[in-house]
Amino acid sequence: MTATPTIRHALRASRSALAHVSDTPGLDAEVLLGHVTGRDAVALLRDDGMRLSAAQAEQYDELVRRRAAGVPVAHLVGEREFWSLRLRVSAHTLIPRPDTEILVEHALAALPRDRALRILDLGTGSGNIAVAIARSRPACQVTAVDVDRDALSIAADNVRRIGVTNVECIESHWYAALGSRVFDMIVSNPPYIAEGDIHLSTGDVAHEPRRALVAGVDGLDEIRCIVAGATRHLGTGGHVMIEHGANQGQAVRELMAAAGFGGTQTIRDLGGRERVTAARR
Ligand code: GLN
């Protein structure tokens, strides 16, 4: 029987095994080995001379093998951190991205702490945006909708796990199940990639649900629906904030202005690209 590797050895070996598939092979290896051993990055470093048990070594090899085949880390460990919250994700949901934290940050800046405002999150997926806002604004009521029942059950699970009591999850194609309800803020990270875009077949995106990503030939089909519906579901003075592709800022500002919203403003992401456009009714 050969000895199992030490933590240091296992990390080093998989870092090179993952270099072809990931921009962050070292981080991926740490997250996967952390998952297997129940240690965070600090503990992995501290205990790096320790040998894995045979069962841990086997489980880790299997995870690295699947990661090397392109499966996203978030799917392998079943969770992803967003807004410092550990959220469950599955193949039915988009994997929450740091870019979307910009939307949360901007939404919170427009939500005074003490006011009981009504917020609608369209296409909630894992519930990341809804839960992050609800947690930071306990006086507000957040309505999270998604058309996909499997995604919605992940969102509901995240609401329970994080322990927020001010989020309701509703199965709905955009506003369809909401009747004439009116909100003070509408937020969304909708599908905004154009059909046939080459990004759809690369990296994590290739493993994420098409329906959460693709929106017609110009990627704007769903944003058009959201903006059109916002004219009926947003109260006077209410905010609409939508995440979009880096080259869609102008189109989204024009859509919002054409729908009669004022004060359109686009916020850039960490890489300096136009990412979120907001306006007021
Ligand atoms: N709200 C989720 C997110 O931002 C899901 C978005 C989507 O499925 N398009 O990750």
Side-chain angles (χ1 to χ4, degrees), residues 72-75 78-108 119-136 142-159 161-162 164 167-175 183 185-195 197 199-200 203-216 218-227 229 240-246 248 252 267 269-270 273 275-278:
V73 173
H75 287 174
E79 60 180 33
R80 171 57 41 100
E81 195 176 297
F82 179 84
W83 201 254
S84 300
L85 304 167
R86 275 162 84 123
L87 297 177
R88 218 185 119 205
V89 300
S90 79
H92 297 289
T93 64
L94 215 67
I95 301 167
R97 304 285 201 278
D99 287 339
T100 305
E101 292 180 340
I102 308 241
L103 172 61
V104 171
E105 202 177 299
H106 200 71
L108 292 177
I119 300 146
L120 173 62
D121 175 23
L122 291 170
T124 198
S126 65
N128 54 333
I129 298 172
V131 169
I133 292 178
R135 193 145 196 274
S136 301
V142 183
T143 301
V145 311
D146 205 286
V147 69
D148 185 301
R149 184 172 300 186
D150 294 313
L152 204 64
S153 80
I154 301 278
D157 193 36
N158 281 323
V159 168
R161 282 161 179 255
I162 305 296
V164 283
V167 179
E168 57 168 347
C169 295
I170 298 178
E171 189 180 328
S172 177
H173 180 235
W174 303 136
Y175 307 92
F183 299 86
M185 177 181 282
I186 296 174
V187 293
S188 183
N189 175 22
Y192 55 71
I193 301 179
E195 279 161 14
D197 187 301
H199 294 103
L200 291 168
D204 285 4
V205 178
H207 295 259
E208 293 177 285
R210 291 290 96 159
R211 181 144 72 155
L213 294 164
V214 180
D218 62 357
L220 290 166
D221 280 5
E222 306 301 343
I223 292 181
R224 284 188 197 94
C225 291
I226 291 171
V227 172
V240 56
M241 288 181 198
I242 303 178
E243 182 171 327
H244 52 72
Q248 294 171 332
V252 177
I267 301 111
D269 64 20
L270 304 169
R273 294 167 296 247
R275 183 60 63 195
V276 172
T277 292

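What you see is a predicted model, and the numbers here were worked out from it, not measured in a lab. In each ligand, atom 1 is the first atom listed, and ligand 1 is the first ligand listed.
For atom 8 (O) of ligand 1, the closest non-hydrogen atom of the protein is Ala212 CB, 3.3 Å. The single protein non-hydrogen atom nearest to atom 6 (C) of ligand 1 is Asn189 O, 3.0 Å, given as residue, atom name and distance.
Between the side chain of Glu208 and the backbone N or O of Leu213, no donor-acceptor pair lies under 3.5 Å. Looking only at distances, a side-chain donor or acceptor of Ser188 sits under 3.5 Å from a matching main-chain atom of Leu122.
Nearest-heavy-atom check against atom 2 (C) of ligand 1 across Asn128, Asp121, Val187 picks out Asn128.
Contacts of Ser188 with ligand 1, taken as heavy-atom pairs under 4.0 Å, are absent altogether.
Ligand 1 places these atoms under 4.0 Å from at least one heavy atom of Pro190: 9 (N). Listed by number with element, the atoms of ligand 1 under 4.0 angstrom from any heavy atom of Thr100 are 4 (O).
The shortest N/O to N/O separation between Ile129 and ligand 1 does not fall below 3.5 Å. Considering backbone and side-chain N/O atoms, Gly123 comes within less than 3.5 Å of an N/O atom of ligand 1. Inclusion of Ser126 in the set of residues having an N or O under 3.5 Å from an N or O of ligand 1 is not warranted.
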Check your understanding: What's the verdict on side-chain contact (heavy atoms from CB on, under 4.5 Å) for Tyr175 and Ile186, showing C-alpha distance, side-chain angles and the deciding distance?
Key -> CA-CA 11 Å; Tyr175 307 92; Ile186 296 174; 3.9 Å; yes
Chi angles and distances behind the side-chain contact (heavy atoms from CB on, under 4.5 Å) call for Tyr192, Glu222: CA-CA 7 Å; Tyr192 55 71; Glu222 306 301 343; over 6 Å; no
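Here the rule is side-chain contact (heavy atoms from CB on, under 4.5 Å) with Thr100, and of Val187, Asn189, Val276 only Asn189 fits it.
The side-chain heavy atoms of Asn128 and Trp83, taken from C-beta on, include no pair separated by under 4.5 Å.
Of the charged side-chain nitrogens involved, none lies within less than 4.0 Å of a carboxylate oxygen, so that Arg211 and Asp146 do not count as a salt-bridged pair.
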